[in-house]
Amino acid sequence: MNKIEELAAKYENHVSAPWQRTLSGAQRVTFVVYNKEQERILRARISEFAQATQRSQHTWKLINCTQWFAEWMEKEEYKDSYFEDYSLLAMKLDSEFRPAVSRQLASALEDADDNTVVALLGIASLYSFARGSDLIRSVEQSINGRLVVFFPGAKDGNNYRLLDARDGWNYLAQSVTLHSDEIFS
């Protein structure tokens, strides 16, 4: 059994446990933490997580945010100038991209019922354009069932670090990992 298959088995144990219906949005978030080097394998095996969810009598809804920045940038009238001067893009990221991404994810979460796992894949593609921590906090009130974030990085206690590259951020979500505590390398 490879590491992603082991992670899918741990995820199945997690998702099949009875769901409390009175939890706040923040408590309905689960991070599936894996080594960033395993990203391609995880994407190829994502159906194992979907099947585990369905065997647990829950609905699965996959949201792949990998193309969100490219799709947003494609619509921008002055996109060529952003490549010449990044500071112009930074202002647009704050004022337009980040709110748009939050609305897109919140909409997907609001459309899901209280028995649905909304699985967010591709969060690493938002790196340097939007912080994952801000995105998740912005949609907490929209979570009806569960939000599962596939997280390529590391976890130490309640501290998560995306791609092992950015300073960690503290978040009180549940996690599914191959180790009880992953330590930053």
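- In this view, H14 satisfies the ring pair (Phe, Tyr, Trp, His ring centres under 6.0 Å) rule with no residue, not counting sequence neighbours.
- Proximity of a side-chain donor or acceptor of S56 to a complementary backbone N or O of A52 within less than 3.5 Å is detected.
- Screening residues 105-116 for salt bridge (Lys or Arg N to Asp or Glu O under 4.0 Å), with sequence neighbours left out, gives no hits.
- Side-chain atoms of R28 never come within 3.5 Å of backbone atoms of E140 as a donor-acceptor pair (strictly under, hydrogens ignored).
- Once rounded to the nearest 0.5 Å, the distance linking OG1 of T177 with CD of E6 reads 11.5 Å.
- For the ring pair (Phe, Tyr, Trp, His ring centres under 6.0 Å) with Y11, the lone residue among F31, F49, Y34 that qualifies is F49.
- Sparse packing is recorded around CZ of R40, with 12 or fewer heavy atoms of other residues, nucleotides or ligands lying under 6.0 Å away.
- No chain of hydrophobic side-chain contacts below 4.5 Å, direct or via other Ile, Leu, Val, Met, Phe, Trp or Tyr residues, connects L23 to V15.
- Although no hydrogens or angles enter the test, the distance criterion places a donor-acceptor pair under 3.5 Å between the side chain of S138 and the main chain of L135.
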(request) Check step by step if side-chain contact (heavy atoms from CB on, under 4.5 Å) holds for W72 and L93. (result) CA-CA 10 Å; W72 175 81; L93 291 174; 4.2 Å; yes
(message) I'd like to know whether H58 forms a side-chain contact (heavy atoms from CB on, under 4.5 Å) with R146, so could you lay out the CA-CA distance, the side-chain angles of the two residues, the decisive distance to 0.1 Å, and finally the verdict.
(response) CA-CA 10 Å; H58 300 293; R146 296 294 184 268; over 6 Å; no
(request) With side-chain contact (heavy atoms from CB on, under 4.5 Å) as the test, would you mind laying out the steps for F151 and V176 before giving the verdict? (result) CA-CA 10 Å; F151 192 87; V176 175; over 6 Å; no
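- Distance alone, capped at 3.5 Å, is enough to place a donor-acceptor pair between the Q27 side chain and the S24 backbone.
- Note that CG of L105 is 8.5 Å distant from CD1 of I123, once rounded to the nearest 0.5 Å.
- Between R43 and E39 there is a salt bridge, since a side-chain N of the basic residue sits under 4.0 Å from a carboxylate O of the acidic one.
- Annotation: the span from L7 atom CG to E48 atom CD amounts to 10.0 Å, rounded to 0.5 Å.
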